[in-house]
Number of protein chains: 2
Amino acid sequence: MKRYSQQSRLLFAVDCIIFGFDGQELKLLLIQRGFEPFKGQWSLVGGFVQESESAEDAASRVLKDLTGLDGIYMEQLHTFSSPSRDTVERTVSVAYTALIDIQKYKQQLNEDFHAVWFPINHHPELIFDHKQMVDQAKEKLRYKAALHPLLLELLPGKFTIPQLQHLYESVYNAAFDKGNFSRKILSTKLLVKLADKDKLSSKKGAFYYKIDRKKYNANFHAFLNFVPDPHVLAATNGV
Amino acid sequence: MKRYSQQSRLLFAVDCIIFGFDGQELKLLLIQRGFEPFKGQWSLVGGFVQESESAEDAASRVLKDLTGLDGIYMEQLHTFSSPSRDTVERTVSVAYTALIDIQKYKQQLNEDFHAVWFPINHHPELIFDHKQMVDQAKEKLRYKAALHPLLLELLPGKFTIPQLQHLYESVYNAAFDKGNFSRKILSTKLLVKLADKDKLSSKKGAFYYKIDRKKYNANFHAFLNFVPDPHVLAATNGV
DNA sequence: TCAAAAGTGTTTTTTTTACACCCATGG
DNA sequence: CCATGGGTGTAAAAAAAACACTTTTGA
């Protein structure tokens, strides 16, 4: 059992599945390749891992380059390594899921990257196995968001409970009782009520809230159980 | 943005965190390296990914070589890619968690590998970042087993409810009410009652059960919620 | 003044938990 | 014949769900 015999070396990349929420529905950020091969085709944002960095570092770098944003929520999804996944050259890719406040991003220049937000269920064909990555990321998001408050990452700094409910409803494609929803969210003590209201979507106006970052960080793993029947949504998940 | 410029190529490996249950406590299978460098030190079972295979294929192959067993429960845990993780040469490693019936394994020859079962909370120092891998695997096991019936994978073909309860109690280091436990397990309809009893641990004897593979495969993702306070165990988890 | 959305209150239903009790049997 | 674990029954407590009702205010 000689381990350090001559071994094949291969290319090592990262790809980012970037989710955003525009107030209406869940979106996915894609770029149109401006270079050969496959110029013009849509793909996830990605790049190669450099000698001096970890995959996490590479994903952060790629995200920073694209959005100009630091401190984005990001987690490793899965590593894709089929020998046939990249038709150009054998490449292993670690996929990361990122959640960003779409508002913040809007201010940034995205022209250099030809990046476009697509509705999560209505995006163009993707290169290589990127569709598989996106599907898996969607599953995991739905799974995890039923247990942890991570969807808060998709909202702007201040937001209302009805807005948050709308986000959950769009992610789970289901309607929730507003009374029960609001109580459940507030019972986590993860939100702080602000003094002002959002008057855009109703005459009465809804109070703004912000994340209590301290409690959020300490209690991120708290179970929320927002979704009526977790069996349904867990049906195809891989965590 | 030239993507396919010259890129560094690196070594690509897999490591397996193999859990077993001997009826008393959770165990971890480790090997003592029989080759340089670090000869004599303990490590996870691992190997390099070959040109023609995926990381999953490589992990299965490694597992087959070590245990002689096919069809072992296995899932990708995380990819470790810090530039400094392997002190010999830069290597990226995909870690896999495997759950095996320790009885089945016992029949196999393990002499070639110098493989030894260690109590999960009392194992020797490990090479590289293998301790980190093990810790993460433990966390994920505890997290996932609270929601899915995967601990069944650790038991032999037939087992009793009290044996299963003992397994849960050892994984969560907590005591469960036997009545509630048995009802909760049985309510999943994942088990089939057999005609014979295990008379070893009591005079009355406890009925054997086996997994209803059909329902198990279809309902693996069913939420079980075995653990009294999920907050506690989720506290440090990364899923 | 009233429609529409925010937010509160209350009842019903379901699930979980605690714990008492019966069962079977080997020593 | 009784101690020991296996297994069932059931009431209390807690959580979740359903839904009625009150509040605010711009048009």
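Chain letters run A, B, ... following the sequence lines, proteins first, then strands; residues in each count from 1. Both backbone and side-chain heavy atoms feed into the values below; hydrogens, waters and symmetry mates do not.
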Salt bridge (Lys or Arg N to Asp or Glu O under 4.0 Å) involving A/Glu153 - partner list, sequence neighbours excluded: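 A/Arg213.
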For A/Arg61, check salt bridge (Lys or Arg N to Asp or Glu O under 4.0 Å) against everything at least two apart and list the hits.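 Per chain and number, A/Arg61 pairs via salt bridge (Lys or Arg N to Asp or Glu O under 4.0 Å) with A/Glu53.
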Atom pairs, protein N/O to nucleotides 20-23 of chain D N/O, distance under 3.5 Å:
{"residue": "D/dT23", "atom": "O2", "partner": "A/Lys204", "partner atom": "NZ", "Å": "3.0"}

Going by ring pair (Phe, Tyr, Trp, His ring centres under 6.0 Å), name the residues that satisfy it together with [X], two or more places apart in sequence or in a different chain.
X: B/Tyr216; answer: B/Phe220
X: B/His166; answer: none
X: B/Phe207; answer: none
X: A/Phe80; answer: A/His78

Options [options], nucleotide nearest the side-chain atoms of [X]:
X: B/Pro162; options: D/dT10, C/dA6, D/dG6; answer: D/dG6
X: B/Phe207; options: D/dT25, D/dG7, D/dA17; answer: D/dG7
X: A/Lys203; options: D/dG5, C/dA4, C/dG9; answer: C/dA4
X: B/Asn180; options: D/dA17, C/dA5, C/dC19; answer: C/dC19

Can you tell me the distance, in whole Å, between the [atom1] atom of [X] and the [atom2] atom of [N]?
X: A/Phe176; N: D/dA17; atom1: CZ; atom2: C1'; result: 13 Å
X: A/Tyr208; N: C/dG7; atom1: OH; atom2: C1'; result: 17 Å
X: B/Lys184; N: C/dT17; atom1: NZ; atom2: C1'; result: 9 Å
X: B/Leu200; N: C/dT25; atom1: CG; atom2: P; result: 15 Å
X: B/Leu164; N: D/dG5; atom1: CG; atom2: P; result: 19 Å
X: A/Ile185; N: D/dA17; atom1: CD1; atom2: P; result: 14 Å
X: A/Arg183; N: D/dA18; atom1: CZ; atom2: C1'; result: 10 Å
X: B/Ile161; N: C/dC23; atom1: CD1; atom2: C1'; result: 17 Å

Has B/Lys199 got a side-chain N or O lying under 4.0 Å from the OP1 or OP2 atom of C/dA24?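 The answer is no; no side-chain N or O of B/Lys199 sits under 4.0 Å from OP1 or OP2.
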Assign B/Thr160 to base, sugar-phosphate, or nothing according to its heavy-atom contacts below 4.0 angstrom with the strands shown.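 Touches nothing.
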Set of residues satisfying side chain to side chain contact (heavy atoms under 4.5 Å, CB included) with respect to B/Asp196, sequence neighbours excluded: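 In terms of side chain to side chain contact (heavy atoms under 4.5 Å, CB included), with neighbours along the sequence ignored, B/Asp196 is linked to B/Lys158, B/Leu194, B/Tyr208.
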For the ring pair A/Tyr143 and B/His148, is the centre-to-centre distance below 6.0 Å?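 Judged by ring-centre distance (under 6.0 Å), A/Tyr143 and B/His148 do meet the cut-off.
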Above 12 or not: heavy atoms from other molecules or residues under 6.0 Å from NZ of A/Lys138?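 Result for NZ/A/Lys138: enclosed.
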Stems where DNA chain C pairs, listed by first number, each of three or more Watson-Crick or G-U pairs under 3.5 Å: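 Only these stems qualify: C:1-27 with D:1-27.
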